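Here is the structure we will look at, set down as structure tokens.
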Number of protein chains: 2
Amino acid sequence: MAKQANVSTATVSHVINGTRYVSEETKRKVHEAMEDLNYRINSVARSLRSRKSRVIAFLAPILASETSNYFFMSVAAGIQSVLKQQEYHLMLSDSHEEEEYEADEIRMLGSQMIDGLIMAPAGREPDYERLFGDYPVLYLDRVPHDSGKRDCVVVDNKNVSKEAVSMLIGQGHRRIAYLSGPNMLTTTEERFAGYLEALTEAGLDAEPDLIGMGEVSLGSGYKLTESLMRHRPTAIFVTDNVMAMGVMFYLQEKKIAVPDQIAVVAYDAFQWTRITSPPLTVIEQPAFELGVKAAEVMLERINNAALPRQVHRLTAKLVVRQSS
Amino acid sequence: MAKQANVSTATVSHVINGTRYVSEETKRKVHEAMEDLNYRINSVARSLRSRKSRVIAFLAPILASETSNYFFMSVAAGIQSVLKQQEYHLMLSDSHEEEEYEADEIRMLGSQMIDGLIMAPAGREPDYERLFGDYPVLYLDRVPHDSGKRDCVVVDNKNVSKEAVSMLIGQGHRRIAYLSGPNMLTTTEERFAGYLEALTEAGLDAEPDLIGMGEVSLGSGYKLTESLMRHRPTAIFVTDNVMAMGVMFYLQEKKIAVPDQIAVVAYDAFQWTRITSPPLTVIEQPAFELGVKAAEVMLERINNAALPRQVHRLTAKLVVRQSS
DNA sequence: ATGAAAGCGCTAACAT
DNA sequence: ATGTTAGCGCTTTCAT
């Protein structure tokens with residue numbers, strides 16, 4: 001290729017990268033040769049030499065369930081929108097929400113292959129630091145116990161949850177049920193803390209019978225609602241979107257009127273929450289923005305490893321509709 | 001690293017890849033040194049040398065809309081499940097359902113070393129062949145006009161659509177509305193063909209007033225339903241999941257009883273279709289299986305470029321619930 | 001304004 | 001049973 005244009009490989013490189021002056025005439029010749037040979041740069045060689053791949057990996061439970069996947073896909077879209085502008089690639093990896101699977105993926109991601117890793121950890125305890133390669137890591141949405149000196153971009157779950165429950169209390173509800181997945185992620189924990197705090201502030205006691213935690217699935221949401229209902233709640237706060245489907249399924253099947261017999265507040269403003277009867281009051285998480293911020297921070301970090309650690313907490317919004 | 005273990009780089013390589021006999025003793029030393037130095041293989045160098053990256057790209061409108069993204073994420077999960085077993089990586093790229101964006105991605109991929117590309121083309125006409133690099137390409141879900149000698153893995157949309165419409169006809173419906181996105185993809189086209197064929201076989205005429213096509217969104221589905229309803233259909237077949245939300249939103253708002261006043265059959269069995277009132281009769285596409293098949297075919301193709309072209313058409317299933 | 005050449009970390013052919 | 005060495009296709013320093 002260099003010979004086709006009668007120039008050195010150095011010149012070709014400089015033409016491609018605009019990295020030093022090259023006469024118009026020479027540029028022309030190079031471009032011509034590139035055209036002739038349908039030349040495509042070999043970015044693998046480039047990565048090897050420059051020690052940069054311009055690939056950022058996003059590791060999250062994207063394929064684990066229909067709904068969590070939508071959340072993380074929105075996040076991915078946000079990441080993508082930033083990376084694309086800077087000519088970075090996004091490599092999506094799935095953690096299956098399982099620590100082992102996740103560790104596997106991190107190992108596969110290996111070293112030189114990525115310039116940075118954005119991840120929503122599946123666990124709290126794993127010794128992630130030992131797995132990571134020599135690239136910056138940013139925790140997104142959730143944070144492991146030892147988040148070390150890593151950048152973090154999360155949602156303020158506690159305050160918005162508190163706001164939702166306080167609203168319910170303001171409407172006169174005293175028996176507010178809480179439904180969520182297992183309390184193993186910082187997100188879930190914060191939501192629960194918000195629930196508790198709203199109760200406490202209103203001088204209410206948390207009642208164990210009104211608290212349901214279990215597997216994240218429609219069926220599990222259905223069953224837990226069934227148990228919860230035995231204790232006569234007048235409202236239910238469900239912190240997971242798929243479980244919320246279970247709640248609605250149960251309520252609809254038993255012809256329990258919402259919000260007259262029971263008020264419902266759910267998490268995540270996916271489209272389907274608009275077409276239930278009635279449309280659901282939900283907490284809308286800034287998923288896309290989470291991705292945007294994460295990508296921005298990651299890029300800053302890549303360009304300046306010495307930057308102080310950044311922790312961003314984005315606020316979620318309570319969207320009041322007719323179920324409360 | 002090689003010196004740390006007092007062996008040659010060749011031996012290290014062979015230990016890592018199990019590619020020739022190495023004495024237990026030497027293996028031990030190498031593994032020890034790897035441990036000591038927290039050695040991680042440089043897959044970029046490996047790719048450069050071996051001309052294989054073990055990365056398969058999947059290019060689809062994954063981030064374009066909430067629903068198409070469920071579908072393609074399931075496909076991705078299927079692809080992933082196969083690739084992972086063979087220690088391949090999945091690189092996800094988004095086409096935004098726009099040809100230009102898509103071409104851009106292909107170009108970026110082209111310079112990124114991938115061993116294969118699985119794509120759901122956004123357009124019918126683009127001269128894709130000119131964009132592709134030197135790797136196998138497989139068309140998934142949809143096919144461009146010039147699918148050339150490429151492998152294809154698609155869904156049999158026509159027959160299942162026909163089955164759905166025929167069922168409606170069998171139930172006595174004569175005025176069956178058809179609602180879909182713009183007729184630009186092979187998928188949409190096939191669904192329409194199935195609708196038409198069912199009508200024809202029953203001796204019914206297609207009525208232009210009962211056919212609505214437009215933007216794929218909840219709002220657009222709502223508006224189109226509104227127009228369609230002026231022509232008194234007794235059933236509606238909607239081939240897009242997001243538009244189906246618009247249909248349900250309209251029907252619910254206007255308190256039009258389903259299926260008493262109008263029957264509804266929609267596309268895709270996402271969870272939300274179970275919690276509408278009533279639960280929706282839907283066509284369930286084998287999304288995950290589509291991905292599995294595509295990945296399998298791709299791997300076969302990579303291992304044997306001379307294999308005859310493969311075209312797989314998976315069947316979708318009509319899931320009858322209470323809306324019809 | 002351009003070229004020569006080293007070398008990124010591997011794999012694989014060739015030696016021994 | 002293991003070592004030597006030549007590249008893979010780039011980027012980049014040093015020359016001219």
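Model, not experiment: these values are computed from the prediction. Labels below follow one simple rule: chain letters A, B, ... track the order of the sequence lines, proteins then strands, and each chain is numbered from 1. Only heavy atoms go into these numbers, but all of them, side chains included; no hydrogens, no water, no symmetry mates.
The side chain to side chain contact (heavy atoms under 4.5 Å, CB included) search around A:D36 returns A:Q4, not counting sequence neighbours. Take A:E24 and apply the salt bridge (Lys or Arg N to Asp or Glu O under 4.0 Å) test, not counting sequence neighbours, and it matches A:K27. For B:Y101, the ring pair (Phe, Tyr, Trp, His ring centres under 6.0 Å) partners are B:H96, not counting sequence neighbours. Not counting sequence neighbours, the partners of B:E300 by the side chain to side chain donor-acceptor pair (under 3.5 Å) test are B:Q310. Partners of B:S50 according to the side chain to side chain contact (heavy atoms under 4.5 Å, CB included) rule, which considers only residues two or more places apart in sequence or in another chain, are B:R46, B:K52.
Judged as a side chain to side chain donor-acceptor pair (under 3.5 Å), not a single pair has a partner in residues 287-298 of chain A (not counting sequence neighbours).
Checking D:dA1, C:dG3, C:dT2 against every side-chain atom of A:V7, the shortest atom distance belongs to C:dG3.
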Sugar-phosphate atoms are those with a prime plus P, OP1 and OP2; base atoms are the rest. Using that split, label each nucleotide of nucleotides 9-16 of chain D B, S or - for protein heavy atoms under 4.0 Å, 5' to 3'.
BBBB-B--
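The end-to-end axis angle of the helix from C:dA1-D:dT16 to C:dT16-D:dA1, rounded to 10 degrees and based on five pairs per end, is 40°.
Look at CE on A:M113: it is 14 Å from P on C:dC10, rounded to the nearest Å.
Of the charged side-chain nitrogens involved, at least one lies within less than 4.0 Å of a carboxylate oxygen, so that A:E25 and A:R28 count as a salt-bridged pair.
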Name the atoms and distances for all side-chain donor-acceptor pairs under 3.5 Å in residues 74-84 of chain B, with sequence neighbours left out.
residue, atom, partner, partner atom, Å
B:S74, OG, B:Y70, O, 3.1
B:S81, OG, B:G78, O, 2.7
B:K84, NZ, A:E105, OE2, 2.7

